[in-house]
Each structure stands twice: as C-alpha cells, then as structure tokens.
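Lettering follows sequence order; numbering is per chain, from 1.
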Amino acid sequence: MTCEDLLKALDEREPGEAIPEALRLHAEGCPDCALALRLELALQEAPDWSPRPALSAAARARVLSRTRSGRGFWGVIQGVFEESALTAGTLLLLIAAGVFVLPSVLRNTLKPQTLEAADRVLAPVLGPLSDLVSQFAPLAHQAWGVALLGLAGFALLFAAVFTARMMRLEARRAF
Amino acid sequence: MDPLPEEKLLVERFQKGDAASFARLMGHYESYVLGLLWRLTGDRSTAEDLCQETFIKVLKGIRSFRRDSSFKTWVFRIAHNTALDHARSRRPETEELDQNAGAPGGAGESPQRHVEEAQLHEAVERAMGQLPKAQREVLHMLYWDGLTVAEIAAAVGSPEGTVKTLLFRGRKALRERVASFCREVPA
C-alpha cells in the first residue's frame, strides 16, 4: 500500500464505512497518512464534536407567526375548501342513491303492514317535502335541469359543510 | 441526519395549512439549515436571517412542493439558493472567512476532550473556513448534515459527478490545510 492508495481509498469510501485494516497499518508508519486518516475519522464524527446551532427563539417565532397570517391563513382556507367539496360530493351521491334506490329496496324487503305504519308516522314530514320536490319535478325531465339540480344540491351541501368546518376552525383558534 | 418519523404525513398536513406540522418540520430541520448557512456565511447573525428567510420561502412554496420528491433535499435546495442570492447581492469579497467566526460549534468545546483531538477539530474548522464556498458547502452537507451524494446533488442543483469532484477537491484542500495548521501547532 502506498500513500496514493490510501488517499484514493479514503476519497472513494462512503462516510460511515469501516476503515480497512490495510489502511490503518500503512498509516501507523506514515505521519502524513496518519493525519489524513485522523482527519477522515474526525469528519465522520463531526456532528458529535461540532454540535449544530439552534435558531434563536425570536427568529423561530417570526417564521411561525407567518403560519397564522398571510398565505398560511389562505392555506388553511384552501384545505377547508377541498375537504368541504369532497364531503359535499360524497353526501350528494349518498342522497341521490337514497332517493333512487332506498324506496324500491324498502318496498321489496319490508312487509306491507310495516310500510303502512311507517307511512302514517312519516306523512307529516314527507307530505310537505313531497310537495316541495314536486315543484322541481319538471326540471328532472331535462338534462340541463338535472345538472342544475345537482349543482344546486352540491352548492347547498358545500355551503353547509364549509360553514360547519369554519365554525369548528374558529372555535379551535379561539380556545 | 436523524430521520423525522411521519415526515410524509407532516408534509401532507402542512400542505393543507396545518401550522403545527410546519412547526415540527421546522424544528427538525432548522439546526441543519442554520449550521449550513453559518458555514457558508461565516456569520451567525447573517445565518439566522437567511435561515428565517429559507423557512418563510418553504412556507410560501409548500403548495408547489411535489410529495413524490424528498422534502429534505427541497429544504436544503431553498437554503442553498437563499445563500447564493445573499452572496450575489453583496459586493465581491474574498472567499476566506474570519477564522474565529465561521465555525458552528467551534466555541464551547468540552474541556474533557483530548488536546490533540481538540486541536484537530479546531484545525478542521479553520480549514473549512478557508475552502471555496462550493467545496465547503458539499463537505458540510456530507459530513455535518449526513446527506448522500445524490441528495447533495439534488440540493445544490448540480450533477452527481460535479458534487463528487467538489468533494474530492475539498477533501484534498482540507488535508493540506489541516496538515499545515497541525505543523504550526505541534501536539
């Protein structure tokens, strides 16, 4: 092993790799290579003897205060928007499935007597609701009408979910 | 560098605006970034300002960060560019740093340390301060921050070959300077 071999080996090794015995043996008899080896080991242990500095509390506070204002705030709002849209979309699909699928499922699974009993109980609520829905029935016969109803439904649900989430967010910020 | 558990989840929450996740990410990376910037600028106060600037850029740019890439190298890249912008904005001056000022952790050495080791560490810090900035930066990222060559290349925006060349030259220059310092102060 020559001095060039040792330096080449040091340059090519990854930090953390074990030092081959041949390098140690050569370094024992060569002061320059011994220093190069000591330097390499010292560099490997640099995080131990040269501790990383800590950012001052004031500097950290200045950065963190930005998360509560400016784009940080809009980042929160954007997150709430996305989550609200997703929740509203899911709810709309569930409601549509309930309206179109649930009646036929109930008719096929429940006894006529049970259905009549349920009808008597729910009539005060379903009656006015049915009247309200029937006003929009003509729209359901047109493609654009269906799209409009879907969009209106989504907008209503989105507004409700968004409001609820914003209220929760405000409550969390307040306490 | 110690890995941060649940980093991906924290980044995801941070992108949705969760301030607590940002605080945890910043708490993990701030000392690495500050150490690098202190190494590059040689001045603690300037490094603090640049570190602050780096994390404000992280905060502003988090929406454009793609989660399939490494958050660590992205942060280091922003720190690297911030230091570069700072160097460009100042009038040209000699690369060599004040030998007493540019060493994170240089002060406050433990008294129990062996004299020879302490001398070697001091020589390393002094020699690092005299290296060209590009060499100093890649050596610091490799040894002090524990980044791989590929991560350093991504952080400084250079090919891996260039980083390897800088490391090779940096190590060579470091050996020569440390040897010279050790000859000045025989153990």
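Proximity to chain B is limited to the backbone of A:A54, based on heavy atoms less than 4.5 angstrom apart. Proximity to chain B (any heavy atom under 4.5 Å) is shown, for A:L43, by both the backbone and the side chain. For a residue to count as touching a neighbouring chain, one of its non-hydrogen atoms must lie under 4.5 Å from one of that chain's; by this rule B:L174 touches chain A with backbone and side chain alike. Residue B:Y32 touches chain A through both its backbone and its side chain, counting heavy-atom pairs closer than 4.5 Å.
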Report task. Just do the side chain to side chain contact (heavy atoms under 4.5 Å, CB included) check on A:L64 and B:F55 with the steps written out, would you? Result -> CA-CA 9 Å; A:L64 291 179; B:F55 281 104; over 6 Å; no
Report task. With side chain to side chain contact (heavy atoms under 4.5 Å, CB included) as the test, would you mind laying out the steps for B:R175 and A:L7 before giving the verdict? Result -> CA-CA 10 Å; B:R175 275 179 207 134; A:L7 294 177; 3.7 Å; yes
Requested in this report: Please test A:D11 against B:L167 for side chain to side chain contact (heavy atoms under 4.5 Å, CB included), starting from the C-alpha separation and ending with a verdict.
Outcome: CA-CA 8 Å; A:D11 284 333; B:L167 285 171; over 6 Å; no
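Chain A is approached within less than 4.5 Å, heavy atom to heavy atom, by no residue from residues 147-166 of chain B.
Here CG of A:L10 is found 8.0 Å from CZ of B:R171. Values are rounded to the nearest 0.5 Å. Taken from OG in A:S50 to CZ in B:R39, the straight-line distance is 5.5 Å, to the nearest 0.5 Å. For the atom pair A:R52 CZ and B:W38 CH2, the distance stands at 13.5 Å (nearest 0.5 Å). For the atom pair CD (A:E82) and CD (B:Q15), the distance works out to 9.5 Å, reported to the nearest 0.5 Å.
Ranking A:Q44, A:E12, A:R60 against chain B, the residue ahead of the rest is A:R60, based on heavy-atom pairs under 4.5 Å.
Within 6.0 Å of atom CZ in B:R24, 12 or fewer heavy atoms from other residues, nucleotides or ligands are found, so the atom counts as exposed in its surroundings.
In this structure, B:E48 contributes its side chain and A:S56 its backbone to a donor-acceptor pair below 3.5 Å.
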